[in-house]
There are 2 protein chains.
Amino acid sequence: MARKAGSHSEITGPRVQAAAVELFARHGYAAVSMRQIAAQVGVQVGALYNYTPDKQGLLLDIMNRHLNELFEAWQAEPKPDDPIGQLEAFSRFHVRFHVTRPDTMFIAQMELRNLTPENFEAVEGLRRRYEGALEAILQEGQEGGLFRITDVRLATMAVLALLTGVANWYREGGRLPLEEVERIHWEMVRSAVGAGAS
Amino acid sequence: MARKAGSHSEITGPRVQAAAVELFARHGYAAVSMRQIAAQVGVQVGALYNYTPDKQGLLLDIMNRHLNELFEAWQAEPKPDDPIGQLEAFSRFHVRFHVTRPDTMFIAQMELRNLTPENFEAVEGLRRRYEGALEAILQEGQEGGLFRITDVRLATMAVLALLTGVANWYREGGRLPLEEVERIHWEMVRSAVGAGAS
DNA sequence: TGCATATCTGAACAAGTGTTCATGTGAAAG
DNA sequence: CTTTCACATGAACACTTGTTCAGATATGCA
């Protein structure tokens, strides 16, 4: 097929996405206008509609991409066989992933309620699939007597909350290096689920 | 002074606040219009301005009230002398408070970026004061050799994230009674900071 | 060179935004 | 009963919203 005539879309398309991510993350979906996005790209409003059917489409794309990348990156992650090792891998991965993508992570966390019901359903499914990966680790470790967890479901939510919280304050080049932040979070998670030192 | 002539404000005022809380929590500050709030109260838009100088004032009031009530309720809470007991008191208090006020808690967490800079400064100050209360407990327990914390600042954020997360899924009349939810969270916090069983 | 067409502009649309204010209304005070 | 004024109405203000589209532009191909 090759490139079509007069095509800029492979340049402008990503820039539209990037502008949407930055502005949605900073001001929130509802507070950002299509005109602001267009201005950030350096284009008129109408041009945006070559790259998205509507404003909602921008948000849906961002969320879908974020959650798919999250899940696929986790699947690609090298994982030990034992639940403790897996939990360490998960903890470190989750911290690292979110710290390096604060914008899309923020959007995925905050803008769920701005999705239309059917879009919400789809995105929520992706989120739960990832959550399920953690829950399975905790479940297996609990059954194998490696963890001391009172309630696996609740522990899943708590661990996720603890790990996700890091994105709210971590800044690159801050007081602590990423490796240290990873390690400390893993230590806290390990303690919280009652796993002995590795 | 007594009540003034033709006064409904002591009825309508709180209803405006309540409507704002409910709608902001459900749809987000930026997505809610003054007309929606007025409709929920059963009044015309203009009437709202008898109770707030502007839309921003509604948000500021909600946040100020939430954070002041949070801090004052914590101060009024009975607290043991030892850091471990204090951390348990804090954990249980924080869970209980947020689970019983999911709406204002949600707003206080999500809508910080919709405050004007000077309002943000004020509200952020209140938030930090509360955060400081937890940090002081962790610091004291760490210095007394009761906790095993690698980094007090990071641990403060992590504990707060873990405990605040509960409001995102807990529903009254759900699978677990509140007392159980409190207890499990306290156990996880205790483990995470390396405090022995009480 | 000129054709085809992907991409962008610029203007327009109807609807919705926060806020203001002259006017109306009804309950309490005298 | 009359006066007073807190409170509410309803319309208007200037502006912004998401979206559409006819027409201009500019790029790659023949």
Side-chain angles (χ1 to χ4, degrees), chain A residues 1-21 23-24 26-63 107 111 113-119, chain B residues 1-21 23-24 26-63 107 111 113-119:
Chain A
M1 251 304 172
R3 180 173 304 183
K4 311 239 184 90
S7 169
H8 287 175
S9 80
E10 288 162 28
I11 298 171
T12 309
R15 296 193 55 209
V16 170
Q17 287 292 334
V21 165
L23 291 171
F24 288 170
R26 175 138 65 239
H27 306 293
Y29 173 78
V32 172
S33 73
M34 294 299 271
R35 267 163 258 257
Q36 284 175 58
I37 298 173
Q40 172 114 340
V41 177
V43 103
Q44 295 298 316
V45 212
L48 297 184
Y49 290 85
N50 289 320
Y51 304 100
T52 182
D54 48 27
K55 192 186 176 190
Q56 171 82 193
L58 284 176
L59 181 58
L60 180 61
D61 269 12
I62 292 168
M63 290 210 174
I107 294 170
E111 306 293 357
R113 62 180 162 193
N114 285 308
L115 291 170
T116 61
E118 51 273 29
N119 287 345
Chain B
M1 252 304 172
R3 179 174 303 184
K4 311 234 184 97
S7 168
H8 290 175
S9 80
E10 288 163 27
I11 298 171
T12 309
R15 296 192 56 209
V16 170
Q17 287 292 334
V21 165
L23 290 171
F24 288 170
R26 174 137 67 239
H27 306 293
Y29 173 79
V32 172
S33 73
M34 293 300 271
R35 267 163 259 259
Q36 285 175 57
I37 297 173
Q40 172 114 339
V41 177
V43 103
Q44 296 299 316
V45 212
L48 296 183
Y49 291 83
N50 289 320
Y51 305 99
T52 182
D54 47 26
K55 191 187 176 190
Q56 171 82 193
L58 284 175
L59 181 57
L60 180 61
D61 269 12
I62 292 168
M63 291 211 174
I107 294 170
E111 305 293 356
R113 63 180 162 193
N114 285 309
L115 291 171
T116 60
E118 52 274 28
N119 287 344

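Every chain is numbered from 1, with letters handed out A, B, ... down the list of sequences. As a basis for the values below, the full set of heavy atoms in this structure was taken, side chains included, without hydrogen atoms, waters or symmetry mates.
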Does the side chain of B/Tyr49 come within less than 4.5 Å of B/Met34's, by heavy atoms?
->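 Yes, close enough: below the 4.5 Å cut-off.
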
Salt bridge (charged side-chain N to carboxylate O under 4.0 Å, His left out) with A/Arg113: which residues, sequence neighbours excluded?
->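 Scan of A/Arg113 (salt bridge (charged side-chain N to carboxylate O under 4.0 Å, His left out), adjacent residues dropped) gives B/Glu111.
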
Could you state the [atom1]-[atom2] distance from [X] to [N], rounded to the nearest angstrom?
{"X": "A/Leu58", "N": "D/dG18", "atom1": "CG", "atom2": "P", "value": "11 Å"}
{"X": "A/Tyr29", "N": "D/dT17", "atom1": "OH", "atom2": "C1'", "value": "12 Å"}
{"X": "A/Asp54", "N": "D/dT17", "atom1": "CG", "atom2": "P", "value": "17 Å"}
{"X": "B/Gln44", "N": "C/dT25", "atom1": "CD", "atom2": "C1'", "value": "14 Å"}
{"X": "B/Leu48", "N": "C/dC21", "atom1": "CG", "atom2": "C1'", "value": "15 Å"}
{"X": "B/Arg15", "N": "D/dA8", "atom1": "CZ", "atom2": "P", "value": "10 Å"}
{"X": "B/Gln36", "N": "C/dT17", "atom1": "CD", "atom2": "C1'", "value": "11 Å"}
{"X": "B/Tyr49", "N": "C/dA22", "atom1": "OH", "atom2": "P", "value": "17 Å"}

Heavy-atom donor-acceptor pair, B/Arg35 side-chain to C/dG16 base, under 3.5 Å |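 Answer no: no donor N or O sits under 3.5 Å from an acceptor.
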
Donor-acceptor list for residues 54-61 of chain B side chains, cut-off 3.5 Å, not counting sequence neighbours:
| residue | atom | partner | partner atom | Å |
| --- | --- | --- | --- | --- |
| B/Asp54 | OD1 | B/Gly57 | N | 2.9 |
| B/Lys55 | NZ | B/Tyr29 | O | 3.0 |
| B/Lys55 | NZ | B/Val32 | O | 2.8 |
| B/Gln56 | OE1 | B/Thr116 | N | 2.9 |
| B/Gln56 | OE1 | B/Asn119 | ND2 | 3.1 |
| B/Gln56 | NE2 | B/Asn114 | O | 3.1 |

Nearest to the side chain of [X], heavy atoms from C-beta on, is which of [options]?
{"X": "A/Tyr51", "options": "C/dT19, C/dC8, D/dT19", "answer": "C/dC8"}
{"X": "B/Ser33", "options": "D/dT19, C/dT17, C/dT19", "answer": "C/dT17"}
{"X": "A/Val43", "options": "D/dA8, C/dT19, C/dT9", "answer": "C/dT9"}
{"X": "A/Asn50", "options": "C/dT9, C/dT19, C/dT7", "answer": "C/dT7"}

For the atom pair CZ (B/Arg15) and CD1 (B/Ile37), what is the distance rounded to the nearest 0.5 Å?
->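 Going from the CZ atom of B/Arg15 to the CD1 atom of B/Ile37 covers 13.0 Å.
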
Which pair of heavy atoms, one from A/Ile107 and one from A/Met63, lies closest together, and at what distance?
->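 What the structure gives for the nearest pair is O-CE, 3.3 Å.
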
For B/Gly46 and for A/Met34, find the nucleotide of DNA chain D with the closest heavy atom, then tell me which residue's nucleotide is more 5'.
->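 Of the two residues, B/Gly46 wins.
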
For A/Val32 and for A/Ala47, find the nucleotide of DNA chain D with the closest heavy atom, then tell me which residue's nucleotide is more 5'.
->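 Result: A/Val32.
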
D/dC7 OP1/OP2 closer than 4.0 Å to side-chain N/O of B/Thr12 |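 Checking D/dC7 against B/Thr12, no side-chain N or O comes under 4.0 Å of OP1 or OP2.
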
